[in-house]
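Below: the structure, in structure tokens.
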Amino acid sequence: MPPLLKLILIRLGLGVLTLFLVSVVVFAATQALPGDTARAILGKEAANVARYEALREELGLNEPVVMQYVNWLGGVVTGDLGNSLVQDTPVTDLLSRRAFNTAVLVLIAALLSIPISLLFGSLSALRRDSKFDLTVSVGSLSLAALPEFVIGIVLILLFATQVFKWAPAVSRVDPDVPIYQQLELFILPAITLTLAVAPYITRILRASMIEVLESEYVMMARLKGLVERIVLWRHALPNALAPALQVTALNLAWLAGGVVIVEYLFGFPGIGQSLVDAVANRDMPMVQAVCLIIAGVYVVANLTADILTILVSPRLRTGLR
Amino acid sequence: MSDVTTITDSELVGLETVHAGRRRAEWIMTVQEAWGMGRTKIGVGIFAAIVALAVVGPWVAPYSPTEFVGLPFSPPSSGVWLGTDYIGRDVVTRVLYGGRTVITLALAATLIGLGAGVTLGLITGYARRWLDETLMRILDVVLAFPQIVLALLFVSIVGPKLWLIVLMVGIGHAPRIARVIRAATLEVAQRDFVRAAEAFGVSRLKIIFSEILPSTTSPLLVEFGLRLTYSIGLIAGLSFLGFGLQPPAADWGLMINENRIGITVQPWPVFMPVLLIGILTIGTNLIADGMGRALIGIERDTGGT
Amino acid sequence: MATAMTTDPTTGAGREVVLTVEGLTIVLDPSGRNIDDEVSLWIREGEVLGLVGESASGKTTAATSLLAHQRRGAKISGGRITIDGRDVLSLADDELRTIRGGLISYVPQDSSASLNPALRIGTQLMEILEAHDFGGSGSEREKRLAEMMSEVLLPSDHAFLRRYPHQLSGGQQQRVAIAMAFANRPRVIVLDEPTTALDVTTQAHVLDTIRDLTRQYGVAALYVTHDLAVVANLADRIAVMYAGRIVEIGTKQELFEAGQHPYTRKLLSSIPDITGERALKGIPGWAPRPGQRPPGCAFTPRCDWAIEKCSEEFPPVDGPTSEHRVRCWRWKEVGAQPVETDVVLRDRSLDACAVAEKTVISVRDLFAFYQHKETLHDIDVTLCERRCLSLVGESGSGKTTLARCIAGLHQHKIVGDIEFMGKPLARDARDRPRATRQAIQYIFQSPYSSLNPRKTIRQILAAPLKVFFELSRDEMEARMEKALEQVALDATLLNRYPDQLSGGERQRVAIARGLAAEPTVLVCDEVTSWLDVSVQAAIIDLLADLQREMGLSMLFVTHNLALVRSISQEVAVMNEGRIVEHGGVDAVLEDPQADYTKKLLSDTPTI
């Protein structure tokens, strides 16, 4: 087997293993721990032993735990995530539209953050210790510190309520209207996510760019008499991007978690909002589904970054050593 | 093999800070170096001021935190400087009372995370390969959950208990801290002074404590600041979602949640907690950054990890 | 004063002076402390000037400044550099770009770091031709590229040019760097320790290439190195640097046969020589870091000739001829003394005690693995009591692996027998009885890695004492002081941290830590390879004394064949995981049997 393929297959295998373990954790946490589903559904009526037992039977809770897991996982793989305990409709139906909304939101945020970070990160590395660099450094440091809800509320106060009234404070996306006709509802949530994520990517890019600019090979490129444009674009940037790739993937995956608070804050109908509702209502199948989706996004994003890193770095790609 | 000379390094780097005479332990030097930076001073100042506000607040508050002093969402007036909240309690009073919980819970979560993270990091960094691999796989699984999702998953089962939130935020930190400590440990573990201790026959546990742990104290200082920043955001965020402190408690995160419906008529009960949490996290992050920068400088000078 | 060092270009060898440096001063950027001070030199067409100095002497900083380049944190604050009459330091950025890589080029110390890991070597070679528009057309450049590759004896086929740097060996990488430097047929070439990271055999080939190319193209070359033996073979003239200043400059003969500066003479006598019989003589103390240079002549604290004036004022440029310049107040008296050659012979008393040998360590049929790869094959070797056995080989020869197997530090699979005093040794040091762990002590290659930077010297020395002995506080203190005394260090160092010590002092502390365990066997793994030659000689001297006085048996691992005679009685030559030759030191070095030993001997540069 070619070494490159082997390397990629190993990463893939590890990714699948992690996904499997994630599903075990989600299942174990929600079904094997105290407070079972039947009791949760019945609430006070759980005192009625007959009804309680009947429901347990119906939900398959009397089977051995391993069998319950196998049945559940079989459902997950085939897209059957069970019924919501609150609305008594399949979780898949409830989540599909919302997952789409969230995906659009995350995509917009990613498309905003990556170019912004690239620009600010590499410019401040190139103008190291200048006023610009200092401003970016302090700005990104402060933004990176702020919790998403702080950023979001400040944006609401500034642009939706108290100072300007440019954008809607609440983003109740209408499922019956095409997204492009209600894009204004995405503005503030997307900017909030961007401001929460871009500082991290900016900082890592700056750091890796500085490391590359101080490397021997960039010094050598300059001592060869190459013009600065070639030094930067051919010698520096490609080497600075590889380490930044991992962090970018991590942060984009983080967006999937960041949506929980942002969606709740803006009343945005996405999976994050669903998770908050489901936790409040103890709607276990819903909690399971959203947790699985979010963790799955993380694993896949990470895996993609790993494979991309292999593909962009000759040392790994050519597989020698 | 041969003289891989560090000539240029020793020529240029480290000369600016030649340690004359007495030298202190490395983490003290890190703290001193960090303190010399403006950003650290500002960070410490902010942190101290907000902690002081949270500690002293309840004694200087004009009203009781549960006392009704006016109509819901009254605008600022004399005696009720920032107006009232959604059921007519004094905003100033509730802000003065509301900081303690966030700060204490965040500190507790950070300490749990550090304890677990350092232990795991040291073990994975200096253990036999299979143990390292196994533990790292498990940590990867925890890492797959964004911290807020991890906490919500368990809140959905056990309910919004404070101990659970602190524990889950701490557990969420653990693999992230463990990775940092593992990296530092791996680097130290391949150094010859560890080989020397092994050749003398010093036990693994003793090597971890006497040779490796001292090298991780400075990265730990940085991690502490960083994780404290995130803990504050997470704990306040969970309260904001309604899963942390429960009414009628006075808590900054909860205040935001309770009062945000009135944001257009009476912004103060939302804005003040947001402002204070924001400033607090900026402060702790500035401290972490100062430590991080100092650490890089010190390690370059002392030839540490 | 600075200009006095340059001479009228019309005198001398009659060839045209290409490069002139006058009074070059380089300072640390924020603090203004100087790294290089009043550096003046000149090089003629086709001439190689060796710039020799120990670590931190400022030679690398001086070298890159010839291309008007400084690393972050340093800047050129004064002086003049002219190449073919052009004043380099006054050029604008775009003019500078045309001369860098064109008129003057640079070969870096470590080409594995200075070749871009993400670009194919063909691209990296072609771009220097393109940047200077060599030949005016693409086809001319293709032709030149092929020519360049053949000049440095590398293949120029498409497949090779499409390789990435990590797919080349260290020697090949360095050849690529050299090809790049000669690409545009420069007038001046600066070589910054280009062979430091290479094995002697590779080094010998690379040096040949450099010599041929400089001659062929009439290039003026500055060859920066810490290794006098290398310049002895390559350079026409030599400049000796100490603490950021050139203390003596002259032709090779003048410096080697009639050095006028005490430092030049001391440096020469501290160089181990394969052919010589003399004992190594180190220079006491160590060179100051450039920023901490004492007033006056920086060599004063280590100099036998020092007088009061030396610590007050740095002497002016003077010297016997206009080409042989020296900066020393007493150069005339120094020069009047004949250069001591072979005065002190090495101690041979131990060679004689070959009778009644007792085997301390014996290795039989040993195979060792690194992961699944066999790295040592069928090793048989014995170490006798009170003797020193040298294990010599290039990197990757398995010499360190063998030493680590003996010390119980090899963490992979081992097959075969290792016995200590007739009893088999456990593989892992931790499984060995305390008395054995105590008896065999291992001294590591790098004192920068073997001493914990977070601990004081006291804590470091206490480690073996705590493990091996039950001592009271006072007894511990007394033992530590004794151990330091054995390695000629002062007890006041106990409270210091390793980073407050020089490299030589650190290695002495590491040796003291080994001695504190009261061993009978000392395994020394390349213990001097991180040290300057003047310090190396002193450490070798110390080890030889310890062996004699304490009756230690010693295993001395080294890549430097020239050191072997100064310390050991027996030598085992290793290559690719096997012992290819084993015998008495004189026999092996004077009449080598194995081809590999012969090659190693002929490739090792000598003075």
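Chain naming here is simple, since letters A, B, ... match the order of the sequence lines and numbering starts at 1 in each. Here the structure is a predicted model, which means the values were calculated and not measured.
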Name each donor-acceptor pair under 3.5 Å that joins a side chain in residues 10-21 of chain A to protein atoms two or more places apart or in another chain, with its distance.
residue : atom : partner : partner atom : Å
A/Thr18 : OG1  : A/Leu14 : O            : 2.8

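- Listed by chain and residue number, A/Ser140, B/Asp289 satisfy the side chain to side chain donor-acceptor pair (under 3.5 Å) test with A/Arg203 (two or more places apart in sequence, or in another chain).
- Residues of residues 223-230 of chain A that come closer than 4.5 Å to chain C, counting heavy atoms only, are A/Leu223, A/Lys224, A/Gly225, A/Leu226, A/Val227, A/Glu228, A/Ile230, ordered by residue number.
- Only the side chain of C/Tyr164 comes within contact range of chain A, judged by heavy atoms closer than 4.5 Å.
- In this structure, the separation between CD on A/Glu216 and CG on C/Leu115 is 10.5 Å, given to the nearest 0.5 Å.
- Shown here for C/Pro117 and A/Pro314, the closest heavy-atom pair between the two residues is O-CG, 3.5 Å.
- With sequence neighbours excluded, the residues that form a side-chain contact (heavy atoms from CB on, under 4.5 Å) with A/Val76 are A/Trp72, A/Leu81, A/Leu292.
- Rounding to the nearest 0.5 Å places CE of A/Met220 at 12.0 Å from CG of C/Asp110.
- Rounding to the nearest 0.5 Å gives a distance of 14.5 Å between CZ of A/Arg222 and OH of C/Tyr106.
- With a 4.5 Å cut-off on non-hydrogen atoms, C/Ser111 does not touch chain A at all.
- For a residue to count as touching a neighbouring chain, one of its non-hydrogen atoms must lie under 4.5 Å from one of that chain's; by this rule A/Arg234 touches chain C with backbone and side chain alike.
- Note that CG of C/Leu119 and NE2 of A/His235 are 5.5 Å apart. Values are rounded to the nearest 0.5 Å.
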